[in-house]
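Notes follow the structure.
Position 1 is the first residue of the sequence; numbering continues from there.
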Amino acid sequence: PYLADHLLQGRAVFPGVMGLEAMAQAVTTLADGTFSWRMSDIAFHRIVFVPQDGLRIRIAALRADTQRVDAAVFTEEDDFQSPSLTARFEPAACAVTVSNSVPFDSDTANEGNGAADDLYGPLFFQGRRFRRVQSLDFCTSRIVQVGLSPGAASDWFGSFEPAELVLGDPGTLDAALHALQATLPHRQVLPVSIGDLVLTGRTTDACHLIGKENWADSPIYSFDITAL
């Protein structure tokens with residue numbers, strides 16, 4: 001059902017965050033049933049449009065050694081020949097900390113532009129389940145600071161499918177990506193890659209997101225994202 005809330009120009013797009021969730025579930029089955037991994041070298045190789053009659057996907061996970069699992073998502077678009085999404089999983093103990101992220105500034109947030117409801121539709125294409133950006137607290141062409149709504153959707157899957165989520169609320173993860181659109185309102189931006197993604201117990205309960213541009217080489221833009 002989440003596809004109804006992820007339409008780009010009227011066409012359903014398989015959310016990258018759901019691809020990450022699918023890979024994380026596969027990796028968990030290779031581990032001890034728990035998820036405490038760092039994801040790196042995440043690559044979104046292409047946009048996956050989902051037709052009205054659905055689209056089959058296939059998840060592959062290969063344990064390279066005791067410290068690494070490589071995973072990929074394939075689709076029937078090309079008869080499962082090339083991956084649409086790939087990532088590397090390593091134990092969280094190997095995680096690196098981003099050193100130049102922006103600390104949350106409550107004073108700056110009080111000077112924010114207010115509610116972000118009006119941005120969904122004209123700027124953000126995401127529907128109900130993914131609408132987690134509640135306020136646009138601070139925004140320039142290089143930095144964005146947003147507040148997140150406290151609630152999280154629970155109806156991500158059909159009633160006869162398991163509801164457990166390894167990575168937590170997909171809405172929060174998607175908000176971390178689509179909030180960056182506010183820094184580039186004049187053009188449509190979509191994720192291409194993620195260098196490192198480290199989730200903590202606070203991620204699902206995050207109240208704020210901060211994105212800071214590292215570099216830009218149009219049409220590619222690099223950001224560090226912190227959830228607080």
Side-chain angles (χ1 to χ4, degrees), residues 1-25 42-59 72-78 80 82-87 115-136 139 144 146-163 165-194 197 204 206 209 211 219-221 223 225 227:
Y2 58 80
L3 288 173
D5 292 326
H6 208 256
L7 303 176
L8 180 61
Q9 298 177 356
R11 302 176 65 186
V13 176
F14 181 60
V17 295
M18 302 309 288
L20 294 177
E21 173 66 29
M23 290 191 294
Q25 292 190 18
I42 300 169
F44 303 92
H45 298 286
R46 65 178 184 272
I47 299 175
V48 177
F49 290 103
V50 182
Q52 290 185 352
D53 57 352
L55 182 75
R56 290 184 299 162
I57 67 170
R58 184 174 294 166
I59 302 98
V73 175
F74 298 83
T75 74
E76 64 176 332
E77 285 179 310
D78 62 349
F80 309 104
S82 60
S84 61
L85 174 61
T86 54
D117 290 347
D118 293 341
L119 298 180
Y120 281 101
L123 185 62
F124 305 140
F125 67 82
Q126 287 76 6
R128 176 182 64 83
R129 294 173 182 84
F130 295 96
R131 292 188 175 187
R132 296 297 310 281
V133 177
Q134 186 176 44
S135 62
L136 184 62
C139 186
V144 62
V146 303
L148 299 180
S149 60
S154 59
D155 56 342
W156 293 99
F157 306 110
S159 56
F160 296 102
E161 299 169 328
L165 291 162
V166 173
L167 301 183
D169 176 42
T172 298
L173 296 179
D174 198 83
L177 298 175
H178 72 248
L180 302 180
Q181 178 70 69
T183 66
L184 293 157
H186 58 289
R187 67 190 313 170
Q188 182 76 60
V189 295
L190 295 170
V192 174
S193 64
I194 301 175
L197 175 59
T204 300
L209 288 172
I220 305 297
Y221 301 85
F223 282 81
I225 306 168

(request) State whether the side chain of S149 and the backbone N or O of Q134 hold a donor-acceptor pair below 3.5 Å, judged by distance alone. (result) no
(request) List the atom of A182, the atom of C139, and the distance in Å for their closest heavy-atom pair. (result) O-SG, 3.4 Å
(request) Give a yes or no on this: more than 12 heavy atoms of other residues, nucleotides or ligands lie within 6.0 Å of atom CD of Q52. (result) no
(request) With the side chain counted from C-beta on, respond yes when V192 and F44 share a heavy-atom pair under 4.5 Å apart, and no when they do not. (result) no
(request) Can you measure from CG (L177) to CG (L209) and round to the nearest 0.5 angstrom? (result) 9.5 Å
(request) Nearest 0.5 Å please: distance from the CD1 atom of I42 over to the CG atom of L20. (result) 5.0 Å
(request) Looking only at non-hydrogen atoms, find the nearest pair between G158 and P1 and report the distance. (result) N-CD, 3.9 Å
(message) For a side chain to side chain contact (heavy atoms under 4.5 Å, CB included) check, start with the C-alpha distance between D78 and R46, then their side-chain angles and the critical distance, and finish with the verdict.
(response) CA-CA 12 Å; D78 62 349; R46 65 178 184 272; 3.7 Å; yes
(message) Tell me whether R11 at atom CZ has more than 12 heavy atoms from other residues, nucleotides or ligands lying less than 6.0 Å away.
(response) no
(request) Could you tell me which residues satisfy side-chain hydrogen bond (donor to acceptor under 3.5 Å, both in side chains) with T86, sequence neighbours excluded, listed by chain and number? (result) H45
(message) Under the rule for side chain to side chain contact (heavy atoms under 4.5 Å, CB included), what residues qualify as partners of L165, not counting sequence neighbours?
(response) E21, W156, F157, P170
(request) Could you pull out all residues at least two apart from I47 that satisfy side chain to side chain contact (heavy atoms under 4.5 Å, CB included)? (result) V13, F49, L190
(message) Return the OG to CD distance between S84 and E77, rounded to the nearest 0.5 Å.
(response) 7.5 Å
(request) Determine the interplanar angle of the F14 and Y2 rings, folded into 0 to 90°, and report it as parallel if under 30°, tilted if 30 to 60°, perpendicular if over 60°. (result) tilted
(request) Measure the shortest side-chain to side-chain distance between L3 and P15 over non-hydrogen atoms and say whether it is less than 4.5 angstrom. (result) yes
(message) To the nearest 0.5 Å, what is the distance between OH on Y221 and OG1 on T183?
(response) 8.5 Å
(message) If the condition is side chain to side chain contact (heavy atoms under 4.5 Å, CB included), which residues does S193 pass it with, not counting sequence neighbours?
(response) none
(request) Tell me, please, which residues at least two apart from P219 pass side chain to side chain contact (heavy atoms under 4.5 Å, CB included). (result) R187
(message) As an exercise, state the distance from CD of E76 to CG of L55, rounded to the nearest 0.5 Å.
(response) 5.0 Å
(message) For R58, is the CZ atom crowded, meaning more than 12 foreign heavy atoms sit under 6.0 Å from it?
(response) no
(message) Donor-acceptor check, side chain of R129 to backbone of D155, threshold 3.5 angstrom: yes or no?
(response) yes
(request) Determine the minimum heavy-atom distance between A176 and I225, stating which atoms define it. (result) O-CD1, 3.2 Å
(message) The test is side chain to side chain contact (heavy atoms under 4.5 Å, CB included); show your working for L136 and V144 and say whether it passes.
(response) CA-CA 8 Å; L136 184 62; V144 62; 3.7 Å; yes
(message) Any side-chain to backbone donor/acceptor pair from D174 onto F130? Under 3.5 Å, distance only.
(response) no
(request) Flag the pair M18 / I57 as yes when at least one side-chain heavy-atom distance between them is below 4.5 Å, and no otherwise. (result) no
Only distances under 3.5 Å count here; give the side-chain donor-acceptor pairs of residues 116-124 to other protein atoms, sequence neighbours excluded, each with its distance to 0.1 Å.
unit_1	atom_1	unit_2	atom_2	d
Y120	OH	R132	N	3.4
Y120	OH	V133	N	3.1
Y120	OH	H178	NE2	2.8

(message) Can you give me the closest heavy-atom contact between A24 and V166, atom names plus distance?
(response) CB-CG1, 4.0 Å
(request) Would you give the length of the straight line joining atom CG of L197 to atom CG of L167, rounded to the nearest 0.5 angstrom? (result) 7.5 Å
(message) Would you say that R56 contacts F80 through its side chain, given a criterion of any heavy-atom pair below 4.5 Å between the two side chains?
(response) yes
